[in-house]
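Heavy-atom basis, side chains included; hydrogens, waters and symmetry copies ignored.
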Amino acid sequence: MTQSPDLWETAAHWIARLHADTCSAADRDAFRCWLALDDRHGAAIERLTEYWDWAGGVEAPVPAHVSAGVPAPVPVLAGHSAAVSVSGASGMPVPVARHGVMAQGLPRRRVLALAAMGGLAVLLPRRQAGAVAFIGTRAGEIRTVTLGPGQTCALDTESCIAVSAHRPGVRLVAGQTLFSNTGVDPIRISTGNAVLTVPARAAVDIRLYRAATDMTCIAGQAIVHGVRQSRVRQILPGGRRLRIKADGTTEQDTPSLDELTAWTRHELLFRNVSLGAAVAEMNRYATLPIGLHAPRAAGRALSAVYHIGQEAGFLGALAHLLPVRVQVSARGYGIYDL
């Protein structure tokens, strides 16, 4: 059965939550309940580990040191160091087995349940499949991963990347990332509908939407290939954004880089953005949900700076900018028309 986009997104977010440093026992309990609701949930988690097969069919220059910089296919114990380093992290995310193969005699669903409880690293033998490690962030969290010498990946809130012990490069699973390369060798990134090569002295911001993928070259230039399985490569110069739509068609524009990369500075810049769009973006970071119940004000333009984690102050000032009132409760925030 074909999985819906919502299911894939939910599965990716579960992986991100389970492998975040702040993952709690309540998170793991909720994950086990989610798995039990529908057999498709476990299948979606399994399928996410097959991304390396999808990216492997697209030819691209492969930096030798990238594959050397990911975990080797040996058991990884909680608290042990790994070649991929995460700023602020205490250990390596738990790798997940692939292709539904039995690992250590345990059925796939049992392996997932044990992984949800924490403390279990599942890696298959080299001949069976490559281990895939997921690194992710929770709502409001931003972190940086070191991929190799001079190569970093900043992950925005609720974002997830996958690295493989046997595949070079990185797979963007969900959310938004900023890849920066001050090293020598290029970084190879797969998004499912294209492959991006980030050479030395270049930086690229990538964001996955439900119906499109945005790639913006922040510095230097990047090379995009594999769109619609094509071998044609196109250069993405600095300052330009490439949008790849669900049907494979593309378009380019020149966005505000300051606005686009504001999240890396833990802030959001709203310039003549509708209140509805601003609230939707803020909800990606807010620890409590923000409900918009103001149909008259929803389309009103807003220009402001939101500092991530300070939604209370931002919403308090909102009443002075627009004809709305803000109601606060234990369940979150509500914005209403006056």
**Report entry** Met215: which of Leu236, Thr250, Asp205 passes side-chain contact (heavy atoms from CB on, under 4.5 Å)
**Finding:**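 So the option named by the test is Leu236.
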Report task. Would you mind telling me which of Thr177, Ile135, Ile206 makes a side-chain contact (heavy atoms from CB on, under 4.5 Å) with Cys153? Result ->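 That would be Thr177; it is the only one of Thr177, Ile135, Ile206 passing the side-chain contact (heavy atoms from CB on, under 4.5 Å) with Cys153.
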Residues that [X] engages under side chain to side chain contact (heavy atoms under 4.5 Å, CB included), provided they are two or more places apart:
| X | result |
| --- | --- |
| Ser303 | Asn272 |
| Pro323 | Arg300, Leu338 |
| Ser180 | Thr152, Leu178, Ala203 |
| Gln310 | His307 |

Do the side chains of [Y] and [X] get nearer than 4.5 Å, heavy atoms only?
| X | Y | value |
| --- | --- | --- |
| Phe179 | Val170 | yes |
| Val195 | Ile189 | no |
| Leu318 | Ile335 | yes |

Report summary line: Hits for ring pair (Phe, Tyr, Trp, His ring centres under 6.0 Å) against Tyr209, two or more places apart or cross-chain, chain-then-number order -> none
Query - Which residues share a ring pair (Phe, Tyr, Trp, His ring centres under 6.0 Å) with Phe314, sequence neighbours left out - result: Tyr306
**Report entry** Hydrophobic cluster partners of Ile235 (side-chain heavy atoms under 4.5 Å)
**Finding:** Ile223
Report summary line: For Leu269, the other hydrophobic cluster members (4.5 Å side-chain criterion, sorted by chain and number) are Val305
Can you list everything that forms a salt bridge (Lys or Arg N to Asp or Glu O under 4.0 Å) with [X]? Sequence neighbours excluded, please.
| X | result |
| --- | --- |
| Arg284 | Asp156, Glu281 |
| Asp258 | Arg265, Arg271 |
| Glu141 | Arg143 |

Report task. For residues 211-224, pull every pair meeting side-chain hydrogen bond (donor to acceptor under 3.5 Å, both in side chains), keeping only residues two or more places apart or in separate chains. Result -> Asn193-Thr213, Asp214-Arg243
**Report entry** Nearest-0.5 Å distance that lies between atom CD in Glu251 and atom CZ in Arg241
**Finding:**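 Output value for this atom pair is 9.0 Å.
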